[in-house]
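Both ligands and their constituent atoms are indexed starting at 1 by order of listing. These values consider heavy atoms only, across backbone and side chains, with no hydrogens, waters or symmetry-generated copies. The model shown is predicted, which means the values in this text are computed figures rather than measured ones. One is the number of the first residue; the rest follow in order along the sequence.
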Amino acid sequence: MEMQTKQKTLALDNAYEILEQSIMYHNGQPIGTIAALQSPDLSAENYSECFVRDFVPSALVFLADGRSDIVKNFLETVLTLRTRRRLVAGHEIQPGVMPASFRVVNEHGQEHVQADFGERAIGRVAPVDSMMWWLILLNIYEKSTGDKELSQRPEFQDTMSQILYLCLQDTFEVSPALLVPDACTMIDRRMGIYGHPIEIQSLFYGVLRIVHSLFKAETDKDKSVLNTAIVREKALLNYVRIFYWLDLDRLNEIHRYTTEEFGIDSINVLNIYPESIPTWVPDWLPDEGGYLVGNVGASRMDFRFFALGNFLSVMFGLTSDVQAARIMKLYELRWDDLVGAMPVKICYPAMEGLEWQVRTGSDPKNVPWSYQNGGNWPALLWPFVAAALKSGRGDLAERAFDTALSRLSNDTWPEYYDGRAGRLIGRRSNFKQVWTATSLILSHKLLENPAMLDLLP
Ligand code: GLC
C-alpha cells in the first residue's frame, strides 16, 4: 500500500515536471503547452507546437490548481489567431474555423504567434474539433473561475456567432449530424472517418448544450441561429441515441432488416444492408454491453468502436443513462480488447489488409494495431475516467488509472502503445508527451474530486 502511494507521488511529481517544462510563452506570458518534449520524428516538428485539443487536459489541471491566467491567455490567443486564417484560391476558410495548433516564432527580435490551419500539417489536414474544444473550454473556464466578463467581450461573442453559423448552416445535409472530412479530429490521418464520426457529433452536442448560456444573440439573425441551435440539440440527441446505438437487440434488428424500402414510413431509413455487418461484431458484442458506432450514413454503418466519441457522449449526456451503463459494461466485459496493458485503445478493431490499404492509403504509421489504427493512447485515460465516474463505475476508473500508473513514468510518458493488448511502446512514439502526463494528473484529480465533472457541458 505504502509502496503504491509512493509510486503515485513520484509519478505525479514527474508528470508535473513535464507539464511545467511544456509551457509556451509569448512576450513573457504563458499561453499554452507544447505537445511533446521529445520526438524521434524529425519531420514532425509540429510536436513543439501547442495543439488546441492537447491543451484541454493541461487547461483543466491549471484551472484546478488556480492557474487560470494561462487558460485565459490561451483562449484569447486562439481567438486572435482565428482571423489570421489563410486564403485558398477560390474560397476563403470560414472565420469560425480555428487552428489545429500554433507556435511562437521569433523574427528580427520580435515574437509573434503563428497558427496552423492545416497548411503546414502532414497531409494538409484541417481540424474541425478545435473550435468546439475552444468553446467548451471557454465554458469550463467561466464555470471554474466565475469570470463572466471574458465570454461577453464583443470579439468572443462574434466568434461564437461565427462558429454557430458555420456548424448550423444548411449544406447538403439531411440529418442532424454534422458532415466533416476525414482526419479532422484527434484522429488526424486518413482512417475512413469522413462523414459523421461520433467524436465530432459528441463535441457538437457539447457545444449546442452550452451555447445558450454563453451567447447573447442580440441581432435578429443571431437570435434565429440560436433558436436553430436549440432545436438541433434535441434532434441530434434523438438521432444519435437511435441511429448510432448498437446492442444485441439492435444488431438482431439490423440483421433481419428489410432493405430498399421506399417512402416516409420505411423502417430501415438509412438502408443499411445486413450483409455489411462485419463478422467480428456478433461474436464480440456481449449480451449486456452496447456502444455508439463510429459513423452512420446512407447504407453505411461503421461498426468500429471509437473510444473518444463514446466517452464524450457519456460525459456530455448525449447517451441515455442506460446506454452509458452499457458502454461501461462493454469495457468491463471486453477489458482485454479495449484497455489491455494500457488505457485506452483508440479504436477497435484495427483495419487490416485491403481495408487498411484502401481506407488509410497504405499509411505505414497506421498499420494494424498501431498509432491511430488500434493503438493504445494514455491521453484517453482522463475521458475514460470521467465517463466511468459519471456512470457510477468508479471501480473501472480506478482500475484503468492503476494500470496507467504502473507504466507511464517508467516508460517516459509515451504518446501511444502498439499491439493488440497495447504492451509495446509505439514504434514511432514521442516521449514526454504532454497530454499523456496531464491525462494522469487530471485522472487523479477526478478520482479525488468527482465534483469536477460538473464543469463539463
Ligand atoms: C497526433 C494526434 C493528434 C494530436 C497531435 C499532437 O497528430 O493524432 O490528435 O493532437 O499528435 O499531440
Side-chain angles (χ1 to χ4, degrees), residues 18-19 21-24 32-59 74 78 98-103 115-134 136-137 180-193 197-200 202-203 306-309 311-312 344-347 350 360-361 363-367 370-383 408 412-418 426-440 442:
I18 290 173
L19 174 61
Q21 283 174 36
S22 75
I23 298 177
M24 174 190 270
T33 49
I34 66 170
L37 305 185
Q38 257 181 41
S39 173
D41 190 350
L42 291 177
S43 65
E45 59 166 45
N46 59 351
Y47 282 118
S48 60
E49 306 210 356
C50 175
F51 282 74
V52 172
R53 68 178 76 86
D54 295 41
F55 183 72
V56 174
S58 300
F74 169 87
V78 177
M98 291 193 165
S101 64
F102 57 85
R103 63 183 174 186
D116 184 8
F117 290 90
E119 65 269 45
R120 282 183 283 116
I122 298 164
R124 301 291 180 266
V125 287
V128 174
D129 63 342
S130 287
M131 59 182 158
M132 298 178 172
W133 277 122
W134 180 85
I136 291 170
L137 190 56
V180 296
D182 215 342
C184 70
T185 69
M186 174 191 182
I187 295 185
D188 58 4
R189 304 167 84 92
R190 259 187 74 192
M191 271 286 291
I193 61 158
I198 188 63
E199 181 182 330
I200 288 294
S202 54
L203 285 168
F306 285 89
L308 185 56
F311 300 156
L312 295 175
V344 178
K345 195 163 284 295
I346 193 167
C347 69
T360 71
D363 181 350
K365 194 162 175 181
N366 273 341
V367 290
S370 184
Y371 200 50
Q372 299 167 346
N373 186 16
N376 294 39
W377 290 63
L380 292 172
L381 177 68
W382 85 265
L408 288 180
T412 326
W413 311 95
E415 179 188 18
Y416 67 99
Y417 287 78
D418 284 346
R427 179 170 288 160
R428 289 164 64 184
S429 173
N430 297 326
F431 291 101
K432 300 193 181 175
Q433 181 80 20
V434 177
W435 68 352
T436 296
T438 50
S439 187
L440 192 81
L442 182 54

Check each of Asn366, Thr436, Asp188 against atom 7 (O) of ligand 1 and report the one with the nearest heavy atom. Asp188
From CZ (Arg103) to CD1 (Ile34), nearest 0.5 Å: 13.0 Å
For the atom pair CG (Leu203) and CE (Met186), what is the distance rounded to the nearest 0.5 Å? 11.5 Å
Residues forming a side-chain hydrogen bond (donor to acceptor under 3.5 Å, both in side chains) with Ser370, sequence neighbours excluded: Asp418
Quick check: does Gln372 get an N/O under 3.5 Å from an N/O on ligand 1? yes
In chain order, what residues pass the side-chain hydrogen bond (donor to acceptor under 3.5 Å, both in side chains) check against Arg190, with sequence neighbours excluded? none
Going by the order shown, which atoms of ligand 1 are within less than 4.0 Å of some heavy atom of Gln433? 12 (O)
So, regarding Trp377 and ligand 1 (criterion: nitrogen or oxygen to nitrogen or oxygen, under 3.5 Å), is there a contact or not? no
Is any N or O atom of Phe51, backbone or side chain, closer than 3.5 Å to an N or O atom of ligand 1? no
NZ on Lys365 to OH on Tyr416, rounded to 0.5 Å: 5.5 Å
If you round to the nearest 0.5 Å, how far is CG of Asn376 from CG of Leu381? 11.5 Å
Run the numbers on Trp377 and Tyr371 for ring-ring contact (aromatic ring centres under 6.0 Å, His included), then give the verdict. CA-CA 8 Å; Trp377 290 63; Tyr371 200 50; 5.2 Å; yes
Among all protein heavy atoms, pick out the one at the shortest distance from atom 11 (O) of ligand 1; state its residue, atom name and that distance to 0.1 Å. Tyr47 CE2, 3.4 Å
How does Tyr416 reach ligand 1, if at all, at less than 4.0 Å between non-hydrogen atoms: by side chain, backbone, both, or neither? neither
Side chain, backbone, both or neither: which part of Arg53 has a heavy atom under 4.0 Å from ligand 1? side chain
Which residue supplies the protein heavy atom nearest to atom 1 (C) of ligand 1, what is that atom called, and how far is it? Tyr371 OH, 3.2 Å
What's the spacing between Trp435 CH2 and Asp54 CG if we round to 0.5 Å? 4.0 Å
Starting from atom 2 (C) of ligand 1, locate the nearest protein heavy atom and write down its residue, its atom name and how far away it is, to 0.1 Å. Met186 O, 3.7 Å
Would you call Arg189 a ligand 1 contact, heavy-atom distance under 4.0 Å? no
For atom 12 (O) of ligand 1, what is the closest protein heavy atom, and at what distance to 0.1 Å? Asp54 OD2, 2.5 Å
